[in-house]
Amino acid sequence: QRQMCIRDRNEVQEKFVDNLSHDIVFTILRNGQKINLLYKKEWFAESNSEQLDVGPLIPAKVGDVSPGMPASEIGLKRGDEIIAIADQPVHDWLAMTEVIRKFPGQTISIKWKRGDSIFTAQITPQGFEEKNQQGEVIKVGKIGISYYFEHRDVGLAQAVVLGVKNTFDLLNLNIRGIVWVV
């Protein structure tokens, strides 16, 4: 059994695909303690198990704010970090949106941080109809924000290096996936 130190999410996916024929033990750091999590190879037969649900942890930080939507009406601005919604603390974008989606047309509390200041307000997520994974039409709440990202200019040399690296990382991951399927 080999132990590997992982630096980023792409490497997690790559090592996961490399070891699909074995049970995999993930050692994670949670609240300052190391914990081992076992992923059994039998689980790979389950639907979409190869995806592992590993993705980037996107902070609950406001990017664009849509005019006329609830977030705009309460004064949320680009760069604000949402720290609680419906009296539930949130630490990432996914957790925040899951809560907001549960309350279409219902007024809930929201707390956010801007610089060193904390703001609170009441917000009513606007209801939108969407199809869920089973194809059923459901109503979900949205407040009219997108996630925060920063655009950074890079020089030509760095752009070429990043482009080549990302291309080979994706190619490598695809080849490993195909080999595993075969």
Side-chain angles (χ1 to χ4, degrees), residues 6 8-17 19-20 23-24 26 28 30-31 35 37-113 119-151 166 169-170 173-174 176-178 180-181:
I6 305 298
D8 60 33
R9 116 183 131 84
N10 290 336
E11 202 170 346
V12 169
Q13 291 172 326
E14 179 183 320
K15 299 303 180 193
F16 181 70
V17 171
N19 292 284
L20 287 175
D23 289 351
I24 300 173
F26 293 92
I28 63 166
R30 182 182 293 162
N31 297 326
I35 299 171
L37 302 174
L38 175 65
Y39 197 93
K40 295 188 144 299
K41 68 181 177 184
E42 294 85 42
W43 298 343
F44 301 141
E46 294 179 15
S47 176
N48 295 325
S49 66
E50 73 281 356
Q51 294 177 15
L52 191 62
D53 288 332
V54 173
L57 187 63
I58 300 171
K61 197 169 182 181
V62 177
D64 292 331
V65 179
S66 300
M69 290 290 289
S72 172
E73 292 171 2
I74 66 164
L76 278 173
K77 295 182 179 179
R78 179 176 174 77
D80 289 348
E81 184 178 351
I82 297 174
I83 55 178
I85 190 99
D87 298 319
Q88 298 177 41
V90 293
H91 304 288
D92 63 80
W93 185 265
L94 182 60
M96 177 197 65
T97 57
E98 283 179 0
V99 173
I100 293 169
R101 290 173 62 84
K102 293 178 186 176
F103 295 98
Q106 299 175 45
T107 301
I108 56 176
S109 63
I110 185 170
K111 183 188 284 188
W112 69 94
K113 185 177 180 181
F119 298 88
T120 59
Q122 296 294 308
I123 191 167
T124 306
Q126 190 171 333
F128 289 87
E129 289 187 350
E130 289 183 359
K131 286 189 178 180
N132 64 13
Q133 290 179 338
Q134 292 76 33
E136 304 163 333
V137 176
I138 59 170
K139 197 167 195 174
V140 298
K142 296 185 181 185
I143 62 172
I145 60 174
S146 64
Y147 64 88
Y148 182 87
F149 66 91
E150 289 183 17
H151 175 81
N166 288 340
D169 285 348
L170 286 171
L173 191 58
N174 283 321
R176 290 170 189 261
I178 291 168
W180 178 75
V181 169

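- Looking at every heavy atom in both residues, Pro104 comes nearest to Gly127 through CB-CA, 3.7 Å.
- Proximity of a side-chain donor or acceptor of Thr107 to a complementary backbone N or O of Gln122 within less than 3.5 Å is not detected.
- Counting heavy atoms from C-beta outward, Lys77 and Val62 have side chains that stay 4.5 Å or more apart.
- Taking every heavy atom of both residues into account, Gly105 and Thr124 meet most closely at C-CG2, 3.5 Å.
- Taking CZ of Phe119 as the start and CD1 of Ile83 as the end, the distance is 11.0 Å to the nearest 0.5 Å.
- In this structure, Ser72 contributes its side chain and Val65 its backbone to no donor-acceptor pair below 3.5 Å.
- Atom CD1 of residue Ile82 and atom CD1 of residue Ile145 lie 4.0 Å apart, to the nearest 0.5 angstrom.
- One distance of note links CD1 of Ile100 with CH2 of Trp93; it measures 7.0 Å at 0.5 Å rounding.
- Residues Gln106 and Pro125 approach most closely at O-CD, 3.1 Å, considering heavy atoms.
- Considering CD of Gln88 and CE of Met96, their distance stands at 13.0 Å, rounded to 0.5 Å.
- The shortest non-hydrogen separation linking Leu94 to Thr97 is O-OG1, 3.1 Å.
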Item to complete: Could you give me the CA-CA distance, side-chain angles and deciding distance for Ile108 and Ile123, then say whether side chain to side chain contact (heavy atoms under 4.5 Å, CB included) is met?
Response: CA-CA 5 Å; Ile108 56 176; Ile123 191 167; 3.8 Å; yes
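- In this structure, CD1 in Ile110 is found 5.0 Å from CG in Leu76, a value given to the nearest 0.5 Å.
- Atom CD of Glu98 and atom CD1 of Ile85 lie 13.0 Å apart (nearest 0.5 Å).
- Phe103 CZ: more than 12 foreign heavy atoms inside a 6.0 Å radius.
- Legend: residues meeting side chain to side chain contact (heavy atoms under 4.5 Å, CB included) with Gln134, ordered by chain and number and at least two apart, are Asn132, Glu136.
- When every heavy atom of Met69 is checked against every heavy atom of Lys142, the shortest pair comes out as CE-O, 3.9 Å.
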